[in-house]
Amino acid sequence: MLQKTSHFMRQANFIGGEWVQADSGGTVDVTNPATGLVIGTVPKSGKAETRRAIEAAEAAFQSWKKTSVLERHKLLRKLHDAIMDNQQPLAELLTMEQGKSLAESKGEIAISAAYVLWFAEEGRRAYGDVVPSPWGDRRILVTKEPTGVIAAITPWNFPSSMLSRKLAPALAAGCTTVVKPASQTPYSGLAWGALCEEAGFPKGTVNILTGSAGEIGDEICANPLVKKITFTGSTEVGKMLMAKAASTVKKVSMELGGNAPFLVFDDADIDRAVEGAMVAKYRNSGQTCVCTNRFFVQAGVYDAFVERFSEASRKLKVGAGLEEGTQQGPLIDEKAVEKVEEFVADAKAKGGKVVAGGKRHALGGSFFEPTVIADAKPNMMFMKEEIFGPVAPVFRFETEEEAVKLANDTEFGLACYFYTGNLGRAFRVMEGLKYGMVGVNEGLITTVEAPFGGVKESGVGREGGHQGIEDYLDTKYVCIGGLGL
Ligand code: ADP
């Protein structure tokens with residue numbers, strides 16, 4: 001099995017269909033967060049390599065855009081099958097560099113494949129319009145055309161699926177791509193090069209390179225051949241990319257930070273809420289942009305919720321992702337642990353009560369205990385900032401209005417969750433929450449069929465759903481006159 005895993009562990013850039021090193025020969029180390037050991041290197045690329053990747057994508061675009069939608073559909077289906085045929089080695093590679101449990105990695109690889117299949121199908125349904133004309137002798141057509149070269153910058157928390165929902169709609173629409181995976185988890189990104197080769201995509205349709213984020217990002221933003229940037233990552237970097245992309249007026253789609261609230265009302269099914277809370281908090285060790293950042297629980301069920309949630313949190317099995325039965329892996333690195341410690345210390349200093357976990361795990365390294373903090377207050381750091389770790393602050397509230405107000409008191413607006421057994425309240429609260437995605441009595445809502453994305457400073461654009469391909473298509477209006485009708 002390890003041999004198969006190493007087949008996908010490519011320690012080179014994939015540019016114009018060739019596996020190549022950085023011009024300087026420089027490399028960046030890649031570490032396994034469960035052991036702290038270096039598992040390999042990847043090229044330290046900069047501007048020149050990025051420019052070549054963009055030029056390769058532009059050259060490939062000239063013929064790729066002319067392929068029939070059915071031809072692209074068939075290749076994407078082959079890509080889907082190649083991913084699923086190799087689910088195990090791809091998941092092992094993901095766990096090795098990212099840390100999450102093997103079960104979660106297998107789930108991520110499966111959803112990666114599912115996005116490919118979904119967009120293979122959606123590509124065939126990128127309809128235009130024939131619009132009733134106000135003129136007797138003219139006709140109006142509205143067509144959709146591929147946008148061109150797409151640059152995709154992806155994060156380390158879902159190094160495979162975040163790429164899939166950019167790459168798959170781009171290729172389905174007839175675009176070509178330049179991809180920069182996160183430096184912490186480059187192999188799951190580079191593996192797509194091997195997979196696309198195996199599926200038979202033409203050289204240059206998919207280009208992947210690793211290295212200096214700043215240099216690669218600057219070239220992507222400045223190069224006029226790039227027509228769109230799709231980014232998933234921090235709000236800080238997203239804003240900077242939007243500003244830089246403005247110089248060449250590129251299309252942008254941004255999946256940025258979140259500050260998800262999770263509301264539990266007195267009339268909720270508490271067991272169901274606890275079950276939802278576990279997945280909405282601890283998936284990927286709390287390192288997802290849709291992970292709950294703030295729990296708000298109504299006074300009547302507060303104690304019961306805290307008790308049951310803490311008990312379930314204490315039972316989570318923390319360990320290396322490749323070990324059988326692991327439910328929570330390590331955090332991505334030492335910096336992430338320090339940040340989580342800062343949140344806990346701040347809460348304790350302001351009267352928060354640690355009722356589960358609260359410190360580094362006995363396993364050492366970047367492992368952290370699943371942590372619940374009761375008596376959370378709005379002046380604590382996690383009211384405003386994204387935790388990105390296994391820490392669950394639980395606030396108490398009295399009224400529905402108060403809860404919705406607290407939930408909306410953030411510049412972010414990605415995902416939110418709430419639990420109630422009252423239908424009227426379900427609609428009131430759902431309509432009152434300023435978020436791009438709402439889970440009602442559900443803690444895990446991401447699926448390829450639905451549009452993922454945020455409002456406010458959580459981003460622009462949607463990934464998945466039928467909406468997810470629109471960003472990769474340009475609308476063209478054609479007026480045909482002189483028809484003598
Ligand atoms: P995180 O906090 O999740 O690491 P980042 O926004 O720093 O989020 O990283 C997300 C992606 O953006 C990664 O691929 C990272 O390398 C890339 N990135 C970071 N800084 C820049 C930059 N200045 N220009 C372009 N990409 C960047």
Side-chain angles (χ1 to χ4, degrees), residues 13 22 28-31 33 42-47 49-51 53-54 94 97-100 150-167 177-190 192 207-223 226 228-248 250 252-259 283-291 293 331-340 342-343 366 385-389 412 414 454 457-460 463:
N13 290 330
V28 184
D29 287 347
V30 182
T31 304
V42 287
K44 190 174 184 182
S45 324
K47 273 184 193 294
E49 296 87 339
T50 312
R51 197 170 315 131
I54 293 169
L94 205 168
E97 64 177 349
Q98 203 280 338
K100 68 179 67 175
I150 308 293
I153 302 178
T154 52
W156 51 261
N157 60 345
F158 290 91
S160 181
S161 62
M162 292 302 105
L163 183 47
S164 182
R165 60 195 198 184
K166 301 178 188 308
L167 207 54
T177 56
V178 173
V179 174
K180 193 209 86 65
S183 303
Q184 296 95 327
T185 55
Y187 295 129
S188 296
L190 289 164
W192 283 85
N207 304 276
I208 310 173
L209 78 167
T210 57
S212 161
E215 278 194 42
I216 296 172
D218 283 354
E219 179 62 28
I220 282 173
C221 290
N223 195 312
V226 175
K228 171 187 162 69
I229 299 179
T230 169
F231 170 78
T232 300
S234 63
T235 297
E236 187 191 350
V237 173
K239 283 180 181 175
M240 199 192 66
L241 292 172
M242 283 176 92
K244 288 188 181 172
S247 67
T248 46
K250 298 187 198 311
V252 289
S253 48
M254 298 275 148
E255 296 290 352
L256 309 178
N259 182 359
R283 194 158 66 105
N284 201 12
S285 307
Q287 302 172 114
T288 90
C289 49
V290 292
C291 271
N293 213 55
L331 299 192
I332 190 71
D333 53 24
E334 172 62 22
K335 219 168 75 199
V337 181
E338 285 167 11
K339 185 82 188 155
V340 163
E342 199 186 336
F343 279 106
S366 60
E385 282 179 54
E386 203 171 16
I387 302 168
F388 241 64
F412 296 107
L414 193 57
E457 291 194 16
S458 285
V460 286
E463 295 189 323

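Atoms considered below: every heavy atom in the structure, side chains included; atoms not considered: hydrogens, waters and symmetry mates. Indexing begins at 1, ligand by ligand and atom by atom, following the structure's order.
For ligand 1, one of its N or O atoms has an N or O atom of T154 under 3.5 Å away. Considering backbone and side-chain atoms together, K180 places an N or O closer than 3.5 Å to an N or O of ligand 1.
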Just list the side-chain donor-acceptor pairs under 3.5 Å for residues 210-218, sequence neighbours left out, or say none.
unit_1, atom_1, unit_2, atom_2, d
T210, OG1, P43, O, 2.7
S212, OG, E215, N, 3.2
E215, OE1, K47, N, 3.2
D218, OD1, K244, NZ, 2.6

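Distance check, rounded to the nearest 0.5 Å: CG of D333 to NZ of K335 gives 6.0 Å.
Of the protein's non-hydrogen atoms, the one nearest atom 17 (C) of ligand 1 is I153 CG2, 3.7 Å. Atom 6 (O) of ligand 1 has its closest protein heavy atom at S234 OG, 2.7 Å. Remark: minimum distance from atom 24 (N) of ligand 1 to any protein heavy atom is reached at A213 O, 3.3 Å. For atom 12 (O) of ligand 1, the closest non-hydrogen atom on the protein side is F231 CE1, 3.2 Å.
The part of L241 lying near ligand 1 is the side chain, judged by heavy-atom distances below 4.0 Å.
Closest approach of L167 to W192, counting heavy atoms only: CD2-CE3, 3.6 Å. When all heavy atoms of E334 and S366 are compared, the pair lying nearest together is N-CB, 4.5 Å. Contact detail for L190 and N13: the closest heavy-atom pair is CD2-CA, 4.4 Å.
In terms of the side-chain contact (heavy atoms from CB on, under 4.5 Å) criterion, residue partners of L414 (sequence neighbours excluded) are, by chain and number, E255, C289, V290, M437, F452, S458.
Residue-ligand proximity: F388 is placed with every non-hydrogen atom at 4.0 Å or more from ligand 1. Residue contacts with ligand 1 do not include E236, since none of its heavy atoms lies under 4.0 Å from the ligand.
Close contacts of ligand 1 with M240, meaning ligand atoms under 4.0 Å from a residue heavy atom, involve 22 (C), 23 (N), 24 (N). Close contacts between ligand 1 and G217 involve ligand atoms 24 (N), 25 (C) [criterion: under 4.0 Å to a heavy atom]. Counting the atoms of ligand 1 from 1 in the order shown, those under 4.0 Å from a heavy atom of W156 are 1 (P), 3 (O), 4 (O).
Listed for the E386 side chain is no donor-acceptor partner under 3.5 Å among the backbone atoms of N259.
Counting only N and O atoms by type, the side chains of S253 and E463 include no donor and acceptor under 3.5 Å apart.
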